[in-house]
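Numbers restart at 1 for each chain; the letters A, B, ... are given by sequence-line order, proteins then strands. The analysis underlying the following values was restricted to heavy atoms, covering all of them including side chains, and did not include hydrogens, waters or symmetry mates.
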Amino acid sequence: MKFSNYFLPTLKEDPSDSDIISHSLSIRAGLIRKVASGIYAFLPLGYKILKKIENIVREEMNNANAIEIFMPVMQPAEIWQESNRWYEYGPEMFKIVDRNERDFCLGPTHEELITTMASADIYSYKDLPVNLYQIQVKFRDEIRPRYGLLRAREFIMKDAYSFGATEEDLDKDYEAMYDAYSKIIERIGLKYKVVEADSGLIGGKFSHEFMILADNGEETIVYCDKCGYAANIDNAKYSLKKSSHGNKNYVNEIKGVEEIYTPNIKTIEDLVNFLHQPSQNIIKTMVVKNPQDKVFAFLLSGDRALNLNKVEKFLGTSLELINEENNRYNLPIGFIGPAGLNKEITVYGDYTIYGKQNLISGANKVDYHYKNINSQRDFQVKDWGNFSYPVVGDLCENCREELNFDKGIEVGHIFKLGTKYSEKLDGKFLDSDGKLKPYIMGCYGIGITRMLAAVIEQSHDEKGIIWPESIAPFLVSLIVTNMSETTLKDSAEDAYELLLKNKIEVLYDDRDISAGIKFKDSDLTGIPIKMIFGKKFLQNETIDIEYRDGAPKIELKFIDLENFIKKIKKSDE
RNA sequence: CGGGGUGUAGCGCAGCUUGGUUUAGCGCACCUGCUUUGGGAGCAGGGGGUCGGAGGUUCAAAUCCUCUCACCCCGACCA
């Protein structure tokens, strides 16, 4: 491709509305342009990269025996009403009405539709298992779209749905997808981790998230180098170091309770400053209520945060934190404590305070706290558990190694759905025993447009994007430093023809502008190899080869060009 | 939805507090010519704006007031 025939508008300055590197680079490098909040158009270069990612995904899905289909974006309301997600999904769903006042939505995902379609055509266990996928646009009316392609309202996703007759079918497909996703990310050439995750609203027993490691990632990953345990921090298990919590065999002198005046001291931080006590000696009392308005209290060490996910799972109900308005016992928020708490409230203790003695807690009275609070004597706990997030220094539950923390971007998520949708949407088949049974389903998503942004997030420097060769829009950037030197221009044209003949994707910058701009644009757009026709060529027919990823430069004689091209062609395959 | 903020040329911004010497300006980008051409060149000339929209106050509005729309940031929420 000649630059003069291409459409590649680059920007020198950062756009004002981007606050994350992948967003500003994808705009500056001429990949995308914003059309509306969270909605982007792809320019030629961005579209080319997108297609490369799609193709890698497509190949690996096909290798894993998944079969490509294409479902509509627009879906009738009925199927979503049947699964009840028309109501559960809430305002995040783009809903539209046609001229006959029939309700539709723009698909945020396709479980309902695929299940309905399957039920119409898959009747027999002999047709199972089958795994169908598509690469399709999805719509979610995000509360707040941000970070460019990382959280857009219209985005491209590869979504696969497996139908099996047995749990074993599901396990096999799940495993095949797990492997396929790993291969996809490895082929693209990214650092990643697979973590155990919460399956959330979509249902299912457990799930895995595929995380691209990046400093700006929205998710926190917790992992153990020794045994390989890795989880999203939202449901990460962990153990405490001996030294970080009390040892119940070690008997301190149990002191008498004292009430202390703590005017307007409502937060742990305030208490630490006011009493000059470490936060580990303070009981944080978090009070939650379920939809039936039943209230529970959770006690944790002052340096810990309550993990609502874990607590919801533990109690088996959705919960919300109480506040001044919605709290039926009129609890003085900021001064709540376990001692003297209303007896109707069930109290649970986090391991982070287990065995600690002479602690500080709220006195359930505005502007007062207690000193020397002790479990058993001053309060009773119904049960102990792990209700908090791990912090640096905590240990792996399996092998007691210290846990590591990293930031990541979720690009893939695989779920075992079981029969959740097949039961609701009447997706049934006749098994070999003559009985009608619901399909056992799995669903597997990978964000294509998000992947593009995640690659930039992980692979860039101050000059711009650094594309891995697997998805680079062009392999070679052919630069002529002075287009008015006919020798240079003619030789570069020859090189260009040679590259094309060898099926190398090359962007030939034939613009009559200063060399500096060509270098900057080439670096910004992240093309892996620069092939430079300049001064050195005029002196002794030498071409400079520079690598975007910082590999050592090469001075190449013009006569060796063809060999070099053969070499890079090979490494590209 | 709550809190904060911004809309002025393709992009990035100044001007607004205190209305009129501003014919709306600057940098980048764009066009023409000449000189340049190994890391975002120089000189000269040029094009491009209903100052987000509607209404109002005023002799006079980018500037003040009201309404409205869009966008951004923080939070709750989420693949």
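G534(A) comes within 4.0 angstrom of a base, heavy atoms only. Base contact: E546(A) has a heavy atom under 4.0 Å from a base atom. Nucleic acid contact class of E142(A) (heavy atoms, under 4.0 Å, all strands): base. Residue I532(A) is classed as a base contact, given a heavy-atom separation below 4.0 Å to a base.
In this structure, D509(A) places its CG atom 17 Å from P of U37(B), rounding to the nearest Å. Following rounding to the nearest Å, F139(A) (CZ) and A79(B) (P) show an atom-to-atom distance of 18 Å. As a whole-Å value, the separation of R511(A) CZ from G38(B) P is 15 Å. Rounded to whole Å, the distance from CG on D521(A) to P on A29(B) is 11 Å. Rounded to whole Å, the distance from CD on E410(A) to C1' on A79(B) is 5 Å. Spacing between atom NE2 of H208(A) and atom P of A79(B) amounts to 17 Å, rounded to whole angstrom units. When rounded to the nearest whole Å, the span between CE of M93(A) and C1' of C78(B) equals 14 Å. Atom-to-atom, CD1 of I143(A) to C1' of C78(B) comes out at 7 Å; the value is rounded to the nearest Å.
The side chain to side chain donor-acceptor pair (under 3.5 Å) search around S16(A) returns none, not counting sequence neighbours. Applying the side chain to side chain donor-acceptor pair (under 3.5 Å) criterion to N5(A), with sequence neighbours excluded, gives no partner residue. Partners of D179(A) under the salt bridge (charged side-chain N to carboxylate O under 4.0 Å, His left out) rule, at least two apart in sequence or in another chain, do not exist in this structure. Taking R153(A) as the reference, D141(A) meet the salt bridge (charged side-chain N to carboxylate O under 4.0 Å, His left out) condition, with sequence neighbours excluded. Not a single salt bridge (charged side-chain N to carboxylate O under 4.0 Å, His left out) links K518(A) to another residue, sequence neighbours left out. Taking the side chain to side chain donor-acceptor pair (under 3.5 Å) definition, one finds that S182(A) meets it with nothing, sequence neighbours left out. Every residue two or more places apart in sequence or in another chain that forms a side chain to side chain donor-acceptor pair (under 3.5 Å) with R187(A) is listed here: E59(A), E60(A).
U36(B) makes up no base pair with any nucleotide shown, lacking Watson-Crick or G-U wobble contacts both under 3.5 Å. Both distances falling under 3.5 Å, in either a Watson-Crick or a G-U wobble arrangement, occur for no nucleotide opposite C51(B). With a cut-off of 3.5 Å on both Watson-Crick or G-U wobble distances, the partner of A76(B) is given as none. Under the Watson-Crick and G-U wobble criteria, each requiring two contacts below 3.5 Å, nucleotide A61(B) is left unpaired. As the counterpart of C16(B), no nucleotide is assigned, since no Watson-Crick or G-U wobble pattern has both distances under 3.5 Å. Across all strands shown, G45(B) pairs with C31(B); the Watson-Crick or G-U wobble distances both stay below 3.5 Å. Base pairing of U23(B): no nucleotide in any strand meets the Watson-Crick or G-U wobble criterion (both distances under 3.5 Å). Across every strand in view, C71(B) sits in a pair with G5(B) that passes the Watson-Crick or G-U test at under 3.5 angstrom.
With RNA chain B read from its 5' end, the first of the two nearest nucleotides for I513(A) and R450(A) is the one closest to I513(A). Two residues, D14(A) and I517(A), neighbour RNA chain B, and the one matched to the more 5' nucleotide by heavy-atom proximity is D14(A).
When each of G38(B), G40(B), C77(B) is scored by its nearest atom to the side-chain atoms of T10(A), the top-ranked nucleotide is G40(B).
Taking atom C1' on both nucleotides, U57(B) is separated from G40(B) by 49 Å, rounded to a whole Å. Between G27(B) and G47(B), the distance separating the two P atoms is 16 Å to the nearest Å. Here, U63(B) and G19(B) have their P atoms 12 Å apart, quoted to the whole Å. Look at the C1' atom in both G2(B) and G15(B): the space between them is 33 Å, to the nearest Å. Rounded to the nearest Å, the gap between the C1' atom of G3(B) and that of U50(B) is 34 Å. When the C1' atom is used for both C26(B) and U37(B), the distance is 28 Å, rounded to whole Å. Remark: the separation of the C1' atoms in G45(B) and G38(B) is 30 Å, to the nearest Å. C73(B) sits 41 Å from A60(B) when the P atoms are compared, rounded to a whole Å.
Applying the salt bridge (Lys or Arg N to Asp or Glu O under 4.0 Å) test to pairs two or more places apart or on separate chains, those with a residue in residues 457-466 of chain A are D461(A)-R548(A). Pairs of residues two or more places apart, or lying in two chains, that qualify as ring pair (Phe, Tyr, Trp, His ring centres under 6.0 Å) and include a residue from residues 512-561 of chain A are F533(A)-F537(A), F537(A)-F558(A).
Within the 4.5 Å cutoff, no side-chain heavy atoms of V35(A) are placed close to those of Y40(A). Side-chain contact check for L478(A) versus D509(A): every heavy-atom pair is 4.5 Å or farther apart.
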Enumerate all atom pairs, one protein N or O and one N or O from nucleotides 69-74 of chain B, separated by less than 3.5 Å.
from   : atom 1 : to      : atom 2 : distance (Å)
C71(B) : OP1    : S37(A)  : N      : 3.2
C71(B) : O3'    : K34(A)  : NZ     : 3.0
C72(B) : OP1    : K34(A)  : NZ     : 3.3
C72(B) : OP2    : S37(A)  : OG     : 2.9
C73(B) : OP1    : D19(A)  : OD1    : 3.3
C73(B) : OP1    : D19(A)  : OD2    : 3.4
C73(B) : OP2    : R144(A) : NH1    : 3.4
C74(B) : OP2    : R144(A) : NH1    : 2.9
C74(B) : OP2    : R144(A) : NH2    : 2.5

Extract from the structure each pairing of a protein N or O with an N or O of nucleotides 24-28 of chain B at less than 3.5 Å, listing the distance.
from   : atom 1 : to     : atom 2 : distance (Å)
G27(B) : N2     : E13(A) : OE1    : 3.0

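A stacking contact links F155(A) to A79(B): the aromatic ring centre lies within less than 5.5 Å of the base's six-membered ring centre, and the planes differ by less than 30°.
For the ring pair (Phe, Tyr, Trp, His ring centres under 6.0 Å) with F474(A), the qualifying choice from F3(A), Y6(A), Y496(A) is Y6(A), the only one to do so.
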| field | Heavy-atom protein contacts under 4.0 Å, nucleotides 31-36 of chain B, coded B base, S sugar-phosphate only, - none | value | ------

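Counting only N and O atoms by type, the side chains of S162(A) and Y444(A) include a donor and acceptor under 3.5 Å apart. A donor-acceptor contact closer than 3.5 angstrom is absent between the side chains of K416(A) and S207(A).
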| query | Going through the checks in order, is the ring-ring contact (aromatic ring centres under 6.0 Å, His included) test met by Y178(A) and H208(A)? | reply | CA-CA 8 Å; Y178(A) 188 109; H208(A) 285 95; 5.3 Å; yes

